[in-house]
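Have a look at the structure below before the remarks.
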Amino acid sequence: MDSYELTNMIIDEQYEQEHVTANFKYKQKDYSITFTKSDLELINAWVFENQTSYPANLTDNEIEEIRENIKRHL
């Protein structure tokens, strides 16, 4: 994966199942990706561009790299 910058990480513990959301910049776009905290299973991924959000088209390798980065921060 080309270089990306993790800009924020939120651990949401208010609900029955905890979630981790990571915000990052990649290829000059803002992304948000959410995993379950227990096993880091992907829940959703969004890209934000021109005041619009839509599902992010990330490869399995890109998602895995972000997942590993989150593991190091938890």
Side-chain angles (χ1 to χ4, degrees):
M1 179 174 185
D2 293 338
S3 180
Y4 69 94
E5 176 189 357
L6 186 62
T7 58
N8 192 29
M9 191 166 71
I10 301 166
I11 300 172
D12 188 351
E13 300 174 337
Q14 293 183 10
Y15 301 103
E16 197 171 298
Q17 187 173 30
E18 298 174 333
H19 299 99
V20 177
T21 300
N23 299 322
F24 60 97
K25 286 193 171 292
Y26 177 57
K27 295 185 178 179
Q28 300 177 335
K29 295 179 185 175
D30 293 314
Y31 287 80
S32 178
I33 188 166
T34 302
F35 298 94
T36 57
K37 185 179 177 191
S38 61
D39 58 4
L40 293 179
E41 179 181 338
L42 179 66
I43 296 175
N44 62 47
W46 296 94
V47 62
F48 304 97
E49 186 176 34
N50 299 326
Q51 299 178 338
T52 303
S53 64
Y54 51 91
N57 188 17
L58 298 168
T59 67
D60 290 341
N61 289 339
E62 292 167 337
I63 293 168
E64 187 59 32
E65 186 174 331
I66 295 164
R67 182 181 285 125
E68 291 300 318
N69 192 353
I70 289 173
K71 281 182 189 178
R72 289 189 295 272
H73 284 86
L74 287 179

Output the distance between atom [atom1] ([X]) and atom [atom2] ([Y]), rounded to the nearest 0.5 Å.
X   : Y   : atom1 : atom2 : value
I43 : T36 : CD1   : OG1   : 5.5 Å
I33 : I70 : CD1   : CD1   : 6.5 Å
F24 : N69 : CZ    : CG    : 10.0 Å
Q28 : E49 : CD    : CD    : 10.5 Å
N50 : K29 : CG    : NZ    : 9.0 Å

Count the heavy atoms belonging to other residues, nucleotides or ligands that lie under 6.0 Å from CG of N8, then report whether that count exceeds 12.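 More than 12 heavy atoms, drawn from other residues, nucleotides or ligands, come within 6.0 Å of this atom.
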
Who clusters with W46? Use side-chain heavy atoms, under 4.5 angstrom, across I, L, V, M, F, W and Y, and order the result by chain and number.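 F48, which link up through side-chain heavy atoms under 4.5 Å apart, make up the rest of the cluster.
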
Can T7 and D30 be said to form a side-chain contact (heavy atoms from CB on, under 4.5 Å), step by step?
CA-CA 9 Å; T7 58; D30 293 314; 5.9 Å; no

Is it true that [X] and [Y] fall in one hydrophobic cluster, defined by side-chain heavy atoms closer than 4.5 Å?
X   : Y   : result
Y31 : L6  : yes
Y26 : Y54 : yes
I10 : L40 : no

**Prompt:** Would E65 and Y4 count as having a side-chain donor-acceptor pair, cut-off 3.5 Å?
**Reply:**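 Y4 and E65 do not have a side-chain donor-acceptor pair below 3.5 Å.
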
Qualifying residue for side-chain contact (heavy atoms from CB on, under 4.5 Å) with K37, from H19, E13, Q17
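Of the listed residues H19, E13, Q17, the side-chain contact (heavy atoms from CB on, under 4.5 Å) partner of K37 is E13.
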
Exercise. Looking only at heavy atoms, which two atoms of L42 and I63 are closest? And how far apart?
Worked result: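 Looks like CD2-CD1, 3.8 Å.
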
*Side chains of L58 and V47: does their closest heavy-atom pair fall under 4.5 Å?*
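Contact flag for L58/V47 side chains = no.
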
